[in-house]
Amino acid sequence: MASSLRVRTRRLALGLAVMALAATAIAHGDGARQAATPGTGRKVLVVWGGWEGHEPKKSVELFVPWLTEQGFDVEVSGSLDVYADPARMSGLALIVQSVTMGSLSAAQEKGLLDAVRGGTGLAGWHGGITDSFRSNPAYELMVGGSFAAHPGGIIDYDVRFTRRDDPITKGLADFRMRSEQYYVLVDPAIEVLATTTFSGQADPATEGTVMPVVWRKLYGRGRVFNSTLGHVAADFNVAEAREIMKRGMLWAARVPGAGDDPKPGNPYRPPVGR
């Protein structure tokens with residue numbers, strides 16, 4: 001009788017152990033599916049190149065594994081020729097660009113602009129998007145801004161959020177950067193999410209100027225997201241700078257819950273009723 005009881009006890013313990021393992025496997029499987037939900041297998045093209053001082057390859061390598069973890073099918077290219085390849089540009093959810101200076105051929109420009117205009121998102125940081133293709137004004141119009149200067153070079157400055165209720169900025173506090181403080185020429189129709197104020201110490205002409213740091217806009221049906229943070233890969237050691245970029249990429253790719261279309265605050269628009 002005692003022997004039979006021991007057998008039943010061992011069987012019960014074994015059954016409970018199997019059930020626990022199955023529950024763990026299911027939970028892990030659900031977690032994997034949840035992690036992959038944002039991208040759901042959609043394609044992302046990451047393009048890097050240009051001036052090596054911005055560490056374009058090293059910088060994109062910070063985000064490529066994370067994009068893959070989000071469930072995106074990621075292709076990385078070190079050549080602008082990809083923009084002129086209709087097959088590779090077709091069906092993209094997002095283009096992440098880190099290419100400083102250079103120029104686009106007519107075919108490359110058309111391929112990039114057509115993709116974004118047609119609904120592909122575009123996201124990038126620092127000179128990899130706002131100091132790209134200076135001889136291509138149509139590209140600059142799409143991005144919504146272009147680099148002009150960085151007075152003082154590498155300096156300390158503050159970044160302040162203009163909106164705190166948006167999924168891109170929610171829960172983040174104003175923060176300090178030590179990097180290039182970008183002075184940019186911007187489209188007044190962009191929606192600004194974060195700014196910085198120039199002290200004028202390096203260039204008195206800039207004293208008190210409030211400059212956009214993070215913005216977004218629409219270009220046709222495509223969402224465009226830009227952050228002027230990220231001079232070198234180490235700048236993304238600042239948690240806020242890295243998190244903004246991650247959230248901005250999800251927004252540009254139209255991931256559900258990542259945020260709505262922008263609400264431009266054009267300062268030159270006449271008040272209603274005038």
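Because only heavy atoms are used, hydrogens play no part in the values below, and waters and symmetry mates are left out as well, while side chains stay in.
A salt bridge between Arg223 and Asp260 is absent, with no side-chain N of the basic residue lying under 4.0 Å from a carboxylate O of the acidic one. Asp73 has no carboxylate O lying under 4.0 Å from a charged side-chain N of Lys43, or vice versa, which leaves the two without a salt bridge. Under the 4.0 Å criterion applied to side-chain N and carboxylate O atoms, Lys263 and Glu191 are not assigned as salt-bridge partners. Glu75 has a carboxylate O that lies under 4.0 Å from a charged side-chain N of Arg88, or vice versa, which qualifies the two as a salt bridge.
For the 3.5 Å distance criterion, the side chains of Arg176 and Tyr157 fail to qualify, holding no donor opposite an acceptor.
The backbone N or O of Ala87 lies less than 3.5 Å from no partner atom in the side chain of Ser90, so there is not a single donor-acceptor pair. At least one donor-acceptor pair under 3.5 Å links the side chain of Ser105 to the backbone N or O of Gln108. In this structure a side-chain-to-backbone donor-acceptor pair under 3.5 Å is present from Asp166 to Ile168. Between the side chain of Thr162 and the backbone N or O of Val192 there is at least one donor-acceptor pair closer than 3.5 Å. The main-chain N or O of Glu140 is never found under 3.5 Å from a side-chain atom of Ser146 such that the two would form a donor-acceptor pair. In this structure, the side chain of Glu55 engages the main chain of Ala233 through a donor-acceptor pair within 3.5 Å. Within the 3.5 Å criterion, the main-chain N or O of Ala115 finds a donor-acceptor partner in the side chain of Thr120. At least one donor-acceptor pair under 3.5 Å links the side chain of Thr196 to the backbone N or O of Asp158.
Annotation: side chain of Leu112 is in contact with side chain of Tyr139 (closest heavy-atom distance under 4.5 Å). Residues Val159 and Leu229 meet the side-chain proximity criterion, which asks for heavy atoms closer than 4.5 Å. At a threshold of 4.5 Å between non-hydrogen side-chain atoms, the residues Leu45 and Val96 do not count as touching. Using a 4.5 Å cut-off on side-chain heavy atoms (C-beta onward), Phe147 and Arg134 make contact. In this structure, Met211 and Thr197 have side chains that are not in contact, with every pair of non-hydrogen atoms separated by 4.5 Å or more. Looking at Val224 and Arg216, their side chains never come closer than 4.5 Å, going by heavy atoms from C-beta outward. With contacts defined as side-chain heavy-atom distances shorter than 4.5 Å, the pair Val232/Ser59 does not qualify. No side-chain heavy atom of Leu92 sits under 4.5 Å from any side-chain heavy atom of Val44.
Here Asp203 contributes atom CG and Gln181 contributes atom CD; the two are 11.0 Å apart, rounded to the nearest 0.5 Å. Here the straight-line distance linking atom CD1 of Ile155 with atom CE of Met177 works out to 11.0 Å at 0.5 Å rounding. To the nearest 0.5 Å, atom CG of residue Asp114 and atom CD of residue Glu109 are 9.5 Å apart. One distance of note links CG of Asp85 with CG of Leu80; it measures 13.0 Å at 0.5 Å rounding. Atom CZ of Arg117 and atom NZ of Lys110 lie 8.0 Å apart (nearest 0.5 Å). Between the CG atom in Asn226 and the OG1 atom in Thr130 there is a gap of 5.0 Å [rounded to 0.5 Å].
Across all their heavy atoms, Pro267 and Pro188 have their closest contact at CD-O, 3.8 Å. The two residues Leu94 and Ala253 come nearest to each other via the heavy atoms CB-CB, 4.0 Å. For the pair Ala258 and Pro167, the tightest heavy-atom approach, listed with the atom from each and the gap, is O-CB, 3.5 Å. Of all the heavy atoms in Val47 and Val99, the pair that sits closest is O-CG2, 3.8 Å. Heavy-atom minimum distance, Ser227 versus Val214: OG-CG2, 4.0 Å. The two residues Thr169 and Arg247 make their nearest non-hydrogen contact at C-NH1, 3.7 Å.
Under the 4.5 Å side-chain heavy-atom criterion for ILVMFWY residues, no single connected hydrophobic cluster contains both Phe225 and Leu113. Hydrophobic clustering of Ile, Leu, Val, Met, Phe, Trp and Tyr side chains at less than 4.5 Å, counting indirect connections, keeps Trp48 apart from Met89. Cluster annotation: Met249 and Val116 are assigned to distinct hydrophobic clusters (Ile/Leu/Val/Met/Phe/Trp/Tyr, side-chain heavy-atom contacts under 4.5 Å, transitive). There is a path of hydrophobic side-chain contacts, each under 4.5 Å, that joins Met245 to Phe175. A chain of hydrophobic side-chain contacts below 4.5 Å, direct or via other Ile, Leu, Val, Met, Phe, Trp or Tyr residues, connects Trp251 to Leu172.
Counting heavy-atom neighbours within 6.0 Å of Arg160 CZ, excluding the residue itself, gives a total of 12 or less. For Glu61, the CD atom is densely surrounded, since the number of other residues' heavy atoms within 6.0 Å is greater than 12.
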Please test Thr228 against Ile129 for side chain to side chain contact (heavy atoms under 4.5 Å, CB included), starting from the C-alpha separation and ending with a verdict.
-> CA-CA 9 Å; Thr228 65; Ile129 188 169; over 6 Å; no
Does the side chain to side chain contact (heavy atoms under 4.5 Å, CB included) test come out yes or no for Leu193 and Phe161, once each step is laid out?
-> CA-CA 6 Å; Leu193 298 177; Phe161 292 108; 5.6 Å; no
Take Asp261 and Arg221, measure what salt bridge (charged side-chain N to carboxylate O under 4.0 Å, His left out) needs, and give me the verdict at the end.
-> CA-CA 10 Å; Asp261 282 348; Arg221 296 198 304 274; over 6 Å; no
Derivation and outcome, side chain to side chain contact (heavy atoms under 4.5 Å, CB included), residues Gln97 and Ser132 = CA-CA 9 Å; Gln97 180 182 284; Ser132 309; 3.4 Å; yes
Decide salt bridge (charged side-chain N to carboxylate O under 4.0 Å, His left out) for Arg163 and Asp165; before the verdict, give the C-alpha distance in whole Å, the side-chain angles of both, and the deciding distance to 0.1 Å.
-> CA-CA 6 Å; Arg163 288 192 56 183; Asp165 60 343; 3.2 Å; yes
Please step through side chain to side chain contact (heavy atoms under 4.5 Å, CB included) for the pair Phe198 and Val210, ending with a clear verdict.
-> CA-CA 7 Å; Phe198 283 76; Val210 178; over 6 Å; no
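Among residues at least two apart or in separate chains, ring-ring contact (aromatic ring centres under 6.0 Å, His included) pairs with a member in residues 109-128 are His54-His126, Phe63-Trp125, Trp125-Phe236, His126-Tyr182, His126-His231. Residue pairs that meet the salt bridge (Lys or Arg N to Asp or Glu O under 4.0 Å) test with at least one member in residues 225-240, sequence neighbours left out, do not exist here.
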